[in-house]
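Values below: every heavy atom of this structure, side chains too, minus hydrogens, waters and symmetry copies. Keep in mind the model is a prediction, meaning the values are calculated, not measured.
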Amino acid sequence: MSLTQSEFSDLVARIYACAAEPQLWPDTLAGIVEAAGMAVCLACLAGLPHPVCAPPRAGPDGAVDHDFLAGLFAGLCPLQVVAWLCEAGDDPFPSPAARRARLSGHGGGQAPVNGGPPVPEAAREVLRLLLPHVRQAVETGQRLAERDGESRGLGAAVDALSAGVILLDEAGRILRTNAAADTILREGSVLRRLSAGTLAANDTAAQEALAAALSACRLGAEAVAPALPFPPGRAGAGRGLVGRLVRLRDAGGDRAGAAGPAAALFVQDPDQPCAVPGEALVRLYGLTGGELRVLRGLLQDLTLTEIAQAYGIGVATVRTHLARLFDKTGTRRQAELLRVVMASAPALRPPDAPAALRRSEALRARA
């Protein structure tokens, strides 16, 4: 058998396409077998299992049906299948168990059960030429799958942050955002995405400061820029944000205009409540349930009277809990207590406030 250079190149292209889309492997392996000739098809039919109720289908020219061939390869490791076909004339498997372990490879699933007829040397030579490409595509696919898994995991972790994270290229174009940043940009009262994909601040002075910080990043300034205030673009348009720009490339390490993120902008709502690690604080400081409830109320900016009303207890009881909080945490004032607690809180999106505190806040809003 022989393949033209164009046919061989087409097969190689299909093989490498499987690195990014591994679901294409069965169809591609069927194409390889068809290109290698009828003897290779017969070897597959003899060596790979297929349901008794579904015998091999043949086309008008007597060739084995393509879809049937593709079904034989589902769940098998492509690299081991092609290697097996290269060696089929040498009967390299001492037992069905050895063949099953060999061809299942990374993919699991069914394995061949018989050795099959020998494959002509000309067909085996074509398969040997394709084998390095199959190996490279399989290894590339494994690396892509690992990176894709890492990327999804990292994305989920960044989405859990309370701060908005915006990855920017050198021109200030938005490359990626987390869930908190999506909310900020969707509201558009402080920061927004322009039609060209560029990040813009609504406040003129804040926009100038952001542009200057990005320019300093390009010139290799300090890794973390000074804090950037982002007030709303107009009065009554909501609360402002505080941002920090972090350079993601080493100074001089990447050429100008290189693709990928050049900086990350972290933006935080200073009025957003922190996610208090209540269970951890209880164990760390030996807090009681009542003390933890008072602490949560203080973090919601409630007065002692409002905390007492929210939980249906007396103000004197709240004061007693507060005194014990000071004693257990080694603090003396409410501001110091809150600073200790907030420093221990992970920068994660806070869970819903307790129902009693939500009712108290609703009453304050109506007052």
Side-chain angles (χ1 to χ4, degrees), residues 3 5-36 40 44 48 66-67 69-87 100-112 126-161 165-171 173-182 197 246-250 253-255 257-264:
L3 288 178
Q5 183 63 44
S6 175
E7 290 171 335
F8 186 85
S9 298
D10 287 344
L11 274 179
V12 171
R14 290 177 64 183
I15 288 169
Y16 283 110
C18 294
E21 299 182 74
Q23 70 274 14
L24 298 178
W25 272 120
D27 184 74
T28 300
L29 288 171
I32 291 173
V33 166
E34 290 169 336
V40 180
C44 292
L48 297 173
H66 176 88
D67 291 338
L69 274 177
L72 296 180
F73 299 117
L76 296 181
C77 174
L79 178 58
Q80 301 297 359
V81 167
V82 176
W84 168 61
L85 290 172
C86 289
E87 301 166 343
R100 183 179 301 109
R102 174 77 176 272
L103 273 79
S104 293
H106 302 291
Q110 294 181 325
V126 171
L127 294 169
R128 289 192 191 104
L129 291 174
L130 291 173
L131 184 59
H133 299 290
V134 173
R135 179 180 293 108
Q136 182 67 36
V138 169
E139 293 174 352
T140 301
Q142 290 171 346
R143 289 194 295 270
L144 289 174
E146 290 171 0
R147 291 181 182 178
D148 184 56
E150 292 172 357
S151 178
R152 287 197 303 270
L154 182 59
V158 173
D159 278 341
L161 295 176
V165 182
I166 304 173
L167 298 185
L168 303 168
D169 67 8
E170 290 186 340
R173 288 185 291 265
I174 299 173
L175 301 179
R176 188 169 180 176
T177 57
N178 71 341
D182 286 339
V246 178
R247 176 166 49 82
L248 300 181
R249 297 179 186 167
D250 292 335
D254 293 302
R255 68 184 187 278

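Not counting sequence neighbours, the partners of Asp27 by the salt bridge (Lys or Arg N to Asp or Glu O under 4.0 Å) test are Arg14.
For Asp169 against Arg173, the heavy-atom pair with the smallest separation is OD1-N, 2.8 Å. The shortest non-hydrogen separation linking Ala19 to Ala137 is CB-O, 3.5 Å. Between His66 and Gly31 the shortest heavy-atom distance is CE1-N, 3.9 Å. For the residue pair Gly155 and Arg176, the shortest heavy atom distance occurs at CA-NH2, 3.7 Å. Of all heavy-atom pairs spanning Leu248 and Pro261, the tightest one is CD1-CB, 3.8 Å. Shortest non-hydrogen contact noted between Ala181 and Ile166 is CB-CG1, 3.7 Å.
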query = Given the rule in the side-chain contact (heavy atoms from CB on, under 4.5 Å) test, do Phe73 and Val33 qualify, once you have shown the distances and angles that lead to the verdict?
reply = CA-CA 11 Å; Phe73 299 117; Val33 166; 3.6 Å; yes
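Annotation: the span from Ile15 atom CD1 to Leu29 atom CG amounts to 8.0 Å, rounded to 0.5 Å.
Within the 4.5 Å cutoff, side-chain heavy atoms of Leu168 are placed close to those of Ile174. Annotation: side chain of Leu76 is not in contact with side chain of Trp25 (no heavy-atom distance under 4.5 Å). At a threshold of 4.5 Å between non-hydrogen side-chain atoms, the residues Thr28 and Leu11 do not count as touching.
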Report all side-chain donor-acceptor pairs from residues 143-152 shorter than 3.5 Å, counting only partners two or more places apart or in another chain.
unit_1: Arg143; atom_1: NH2; unit_2: Thr140; atom_2: OG1; d: 3.3
unit_1: Asp148; atom_1: OD2; unit_2: Arg152; atom_2: NH1; d: 2.1

